[in-house]
Amino acid sequence: MLVRHGTGYGVWDGIPENAPDTRAHEAKGTQTVVELIRRLARSRSFPAGAVLAAVAVFWVVGLLGGLSLLSATRAPLVTLGSMLFVYALVGVSPLLAFLAAADLIRLRRARMM
């Protein structure tokens, strides 16, 4: 854009006059991302989707070596407690995944009717 100063000579700032305002575009893009996150968090399927995602992350971390945390040298009672906690999560996670998937299927069927 050509900026005029008191001398009457123009100073070029490197932006053509017909260039779109990129700052307005960035702000608009940010608003759409924020609006998308708000809409996702307020949707009826968010709790079931979050549970299903958490179970999937738990199993992926476990398959990639997350249980190696138990090999660290700790007090036997701490190791036993963490093992029991992990075993409880392993036992409950398939049930949670099934219930979350059933809820998502129920919501999708209700939306289609």
Residue pair L36 / T32, side-chain heavy-atom distance below 4.5 Å: no

All pairs passing salt bridge (Lys or Arg N to Asp or Glu O under 4.0 Å) where residues 75-90 contributes a residue, at least two apart: none

Sequence-distant partners of R106, side chain to side chain donor-acceptor pair (under 3.5 Å), two or more places apart: D103

V92 reachable from V90 in the ILVMFWY side-chain graph, under 4.5 Å edges: yes

Gap between atom CG of L80 and atom CZ of F85 - 0.5 Å precision: 14.0 Å

Same apolar cluster (I L V M F W Y, side chains within < 4.5 Å links), V86/L96: yes

Pairs under 3.5 angstrom only: tabulate donor-acceptor contacts from the side chains of residues 44-66 to other protein residues two or more places apart or in another chain.
from : atom 1 : to  : atom 2 : distance (Å)
W59  : NE1    : S93 : OG     : 2.8

Co-members of L99 in a cluster of I, L, V, M, F, W and Y side chains, linked at under 4.5 Å: L95, F98

